[in-house]
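Below is one structure, written out as structure tokens; comments come after it.
The shown structure was predicted, so the numbers you read here are calculated from the model rather than taken from an experiment. Indexing begins at 1, ligand by ligand and atom by atom, following the structure's order.
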Amino acid sequence: MEFSIKSDMPGSLHTDCVAIGVLAGEKKPVLTGMGKALDKAAHGAIQAILDKGDFSGKTGSCQFLYNLPGIPCERVLLFGLGKAEEATNGSFIKAIRAAVKAIAKTGAKEAAIALEGDSDLPARIRLATLTAADELAGKSRTTQKEKTATLKKLAFWHGSDKKRDRDAEEKALREGEAIAAGVKAARTLGDLPANQCTPVYLASAAEKLAKSYKMRCEILDEKAIRAEGMRALLAVAQGSRQPPRFIVLEYQGNPQKGKKSAAKKPLALIGKGITFDSGGISLKPPAGMDEMKFDMCGAASVLGVMEAAARLELPLHLVALIPTCENMPGGSATRPGDVVTTLSGQTVEILNTDAEGRLILCDALAYAKQFEPAAIIDVATLTGACAIALGRIPHGLFANDDALAAALLAAGKAIEDKAWRLPLWEEYQEGLESQFADLANVGGREGGAVTAACFLSRFVDKKTPWAHLDIAGTAWKTGREKGATGRPVALLCQYLLSLAEPAT
Ligand code: BES
Ligand code: MN
Ligand code: ZN
């Protein structure tokens, strides 16, 4: 898919389909600036059709028009933007998604979508590019017949206007494309079944990424993991025939292009990479267990973010750390009650082998120390409780630092990949008391997302800003639309963009 920005005059816009947004007005739908310009070229034919009342302008609604006078395009698509006063990033995305879906169903090879938003056109372009690319990417399936999309070129169309900042618009387009590539990579890895996406496979995906973008990649195998002392990770891995891996992927900006990392101290990104979570000896119930192939979506999103950052040559220093293994029952599996010594030196009583995410993450958090990170962000499909608490709209966000939390919340809002902060109060810590070790790996059922975050907090230095994103409810969709979402790649990329160019 090729994206571009166009500013042809309405009467000379040659493309297979031009899409214009229509607002839902008080009494009848209202054409926006670009729509008015197109209507003028069509001698009022569009407004005449709207006056008939067949199209409401409701968000997500679509209506094709053909053979309009004065317009050289085969089709004109009206897409509803909803009520102007109720417009949000969310409704904008919904409208763009619907329009792209409708266009893709036709035989159109190239199309143009009119964009308004004089206030912040670049942000709209970034969001629209990301949305369109995501909609067109579809799902990665293993089926015999794969449909190939006919739509090859998509332009965002805005009238020529001297006040526009062309460079900022082009930059936003490239950012949207890069973020979309990261989201797609995360979705593809997430959707892969556990018999294909093994820990070794994830490691090879990281190595491939490192080769394409000149990043440093180090893969610790089982022996190296043991030598390092990551026994919590090994305890989770030991029930499976699939050997574990620990992935270190480092990006330092692009010195050749003068885009060297601004700060010496890196940002550490940690992703949970459980390629399948059966629960282990604390076996999960069978219903929906297939979805536990998505338990490596944290790892996939971290790889997606690294890809996007490298593509954009962001002047940042990033270290991705991915503990990856499979959580299976078996003769050599960890038993409830087993005690292990983690890399941090703290001992953990594993009361429930299904609370495995925090075990592999606690060793990664301890491993991160040697990089003296400026901040740490971990991403994990950590608790069903988080999905119960927040549903499938926002990620759960926990942080020991208000500024980091605020920056992540703002980034999520800006790119419509929202998070919601939950408390990380001391009072919750006592749930993790153990009679036999420094701490237990589970607290009670209540507040499960918080106690999981509390467990992780024990492995983070209090002086290091740290955030934990629980993506259990957001990393994939269930039901008829089952599939990885690629979230929170967009949130994290938007956050990295804000770090790379602090607002002036
Ligand atoms: N991967 C799961 C969390 C999960 C469950 C994500 C369902 C999405 C949907 C995690 O490893 C897990 O099993 N957590 C347990 C923790 C419990 C044993 C304290 C859970 O949420 O039930
Ligand atoms: Mn589990
Ligand atoms: Zn899990």
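In this structure, the side chain of Q238 engages the main chain of S332 through a donor-acceptor pair within 3.5 Å.
A salt bridge is defined here as a Lys NZ or Arg NE, NH1 or NH2 lying under 4.0 Å from an Asp or Glu carboxylate O, and D363 with R231 fails to meet this definition. Residues D354 and K284 are paired through a salt bridge, judged by an N-O separation under 4.0 Å between the basic side chain and the carboxylate.
Geometry at the Mn ion (ligand 2): OE1/E356 and O/D354 form an angle of 70°, nearest 10 degrees.
Inspection of the Q252 and R216 side chains reveals no N or O donor paired with an N or O acceptor under 3.5 Å. D191 and W476 share no donor-acceptor pair across their side chains, judged by distance under 3.5 Å alone.
The two atoms that bring A185 and E307 nearest to each other are CB-OE1, 3.5 Å, heavy atoms only. Scanning both residues, I96 and L115, for their nearest heavy atoms gives CD1-CD2, 4.0 Å. For the residue pair L189 and M296, the shortest heavy atom distance occurs at O-CE, 3.4 Å. For the residue pair L365 and L456, the shortest heavy atom distance occurs at CD1-O, 3.6 Å.
Below 30°, between 30° and 60°, or above 60°: for Y367 and F371 the angle between ring planes is between 30° and 60°, a tilted geometry.
Protein residues having at least one heavy atom under 4.0 Å from any atom of ligand 1 are K272, D277, K284, M292, D295, N352, D354, E356, R358, T381, L382, T383, G384, V442, A472, W476, listed by chain and number.
Checked against the Mn ion (ligand 2), the N, O or S atom of D277 at the shortest distance is OD2.
Protein N/O/S atoms found under 2.8 Å from the Zn ion (ligand 3): K272 NZ, D277 OD2, D295 OD2, E356 OE2.
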